[in-house]
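Working notes, beginning with the structure itself.
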Amino acid sequence: MTNLLSTPSNERVCSRQIAFFAAFVLPVYKLLELPSLLARFAEGDLLLPALFQFLLQAGALLALLYVASRSNQTIIERLEKRLGKWVKLVYSAYAAMFLLAAVLPLLDLEKFVYAAFYDTSPTLFSFAAFFLFSAFFCCKGVKALGRVGDVSLFLFLIPFFALIVMSLVEADISNLLPFFEKPLYASFKSATYTAPQFIDVLLLLPLIANLRFRKGDGVKIATGYTAGALFTLLFLAVFYGIYSTIALRKHYAFAKIAQYFPVLSVVGRIDLLFVYMLCIVLFFFVASPLRNAVACVGKASGLRSKTLLSFLVNLAAFLFVLFCNKYYDRIYRFFGNYLFPVFWAFSLLLPLALLFLKNKGENDA
């Protein structure tokens, strides 16, 4: 039986890679625009909606891990066996969802790259280089997606803690006090508006669904996700400790957080070295939903040429960014105000539906 998002045994991932992906890849996009978005609605209470979102995602993740632990088969194998030809509808739905999940990261990455990497006005096609990398990555199987977690171990940890240490000099954590200063509605609005930034279980699904579960795997993955959540909460606290009431205007947070470190006035912007390291992880993050979309489109359509599918998906993504970047604010408002039920459904509710898959004792091969 073929897999939903990969080839058979030689393309399966291990729990370590999934744990590293959850700990070091998933947080990086949240360090870009999420802090300013949360500060816009919740101000000093920005940790509360973030914690709420992490708890929701953690609950869905635990349910997904429980489903994976109930059988010797992968979730993909069981899903295909249960649904038969109807599984193509699942492929199609998730292909559309992964493309939708890539919209805001693509727009954010484009604006961030132009702001961080170009001193002069960039050309119209300057961002096209990313899609060359993405097109190559989209041709790879799920095993390459798992290896991203291994690669990101030092690419994330070293710059993250370097930037945090450099930022602590200027951070005043008392800016977060008193807690619960804003009404509860503000925290809920923050949670709904930032739902597209919290799609952790959706992005982990292709990895976990290809995992042949063994004892202890659930603990590793849950620990990795907890670490990623703590990294994000720590960053949010330090960021607001520095910028306080003007935090809502500080976009591209991980590029701004260490800029007031006193040593920089003597040695120059060495913090940018760490920013560039995080950018490598960010490139992988943004390319991941596109890779997953290519895999799902291939299974839904029956096309075997990953190269052709990758070219078509990345060309469509490039044209979207090229022509729609001027509508950035409108797209962001539309996603935040109206599409949060879609993101919650695919990232929270549908993983719970997998609890109805047959378990180990029911006709398992």
Side-chain angles (χ1 to χ4, degrees), residues 26-42 46 48-61 64 89-112 184-206 232 248 251 253 282 285-297 300 313-314 316-354:
L26 292 183
V28 70
Y29 178 56
K30 298 183 181 69
L31 310 185
L32 195 61
E33 283 295 292
L34 179 66
S36 62
L37 291 175
L38 291 176
R40 184 202 302 185
F41 297 102
L46 79 170
L48 298 179
L51 180 60
F52 173 71
Q53 293 271 33
F54 279 125
L55 291 176
L56 288 178
Q57 294 290 321
L61 176 61
L64 189 59
L89 293 178
V90 178
Y91 300 148
S92 300
Y94 270 94
M97 188 61 215
F98 281 124
L99 290 175
L100 190 66
V103 168
L104 295 187
L106 282 169
L107 293 175
D108 282 331
L109 180 62
E110 186 229 19
K111 289 190 173 295
F112 172 65
L184 188 60
Y185 171 77
S187 294
F188 179 75
K189 179 61 178 177
S190 298
T192 58
Y193 199 88
T194 58
Q197 275 77 19
F198 286 90
I199 52 171
D200 302 337
V201 177
L202 176 67
L203 296 179
L204 288 174
L205 179 60
T232 305
L248 73 164
H251 305 285
L282 184 62
F285 177 94
V286 178
S288 292
L290 294 177
R291 192 222 73 87
N292 295 336
V294 167
C296 286
V297 169
V313 168
N314 281 278
F318 169 68
L319 293 176
F320 169 81
V321 173
L322 183 65
F323 292 109
C324 295
N325 59 356
K326 58 184 176 181
Y327 304 114
Y328 177 86
D329 292 335
R330 294 181 186 178
I331 293 172
Y332 238 100
R333 285 196 298 269
F334 179 74
F335 271 64
N337 290 327
Y338 301 108
L339 293 187
F340 67 90
V342 177
F343 285 94
W344 279 355
F346 275 86
S347 195
L348 299 174
L349 297 182
L350 289 183
L352 297 180
L354 293 174

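Here the structure is a predicted model, which is why all the values come from computation and not from measurement.
The shortest side-chain heavy-atom distance between Leu348 and Leu202 does not fall under the 4.5 Å cut-off. Looking only at side-chain heavy atoms (C-beta outward), Asp108 and Tyr332 come within less than 4.5 Å of each other. Taking 4.5 Å as the limit, every side-chain heavy atom of Thr192 sits out of range of all side-chain heavy atoms of Gln53. You'll find the side chain of Tyr29 stays beyond 4.5 Å of the side chain of Leu34, heavy atoms only. Counting heavy atoms from C-beta outward, Asn292 and Leu205 have side chains that stay 4.5 Å or more apart.
A centroid separation of less than 6.0 Å is found between the aromatic rings of Phe198 and Phe54.
Classified by interplanar angle (parallel below 30°, tilted 30° to 60°, perpendicular above 60°), the ring pair Phe340/Trp344 is perpendicular.
At a cut-off of 3.5 Å, with distance as the only test, a side-chain donor of Glu110 or Asn325 sits close to an acceptor on the other residue.
Leu32 CG to Gln197 CD: the interatomic distance, rounded to the nearest 0.5 Å, is 9.0 Å. Note that CG of Asn314 and CZ of Phe318 are 11.0 Å apart. Values are rounded to the nearest 0.5 Å.
Between the side chain of Gln57 and the backbone N or O of Val201, at least one donor-acceptor pair lies under 3.5 Å.
Other residues, nucleotides and ligands contribute over 12 non-hydrogen atoms within 6.0 Å of the OH atom of Tyr328.
Under the rule for a side chain to side chain contact (heavy atoms under 4.5 Å, CB included), the partners of Leu55 that lie at least two apart in sequence or sit in another chain are Leu51.
Pairs of residues two or more places apart, or lying in two chains, never qualify as side chain to side chain donor-acceptor pair (under 3.5 Å) while including a residue from residues 96-106.
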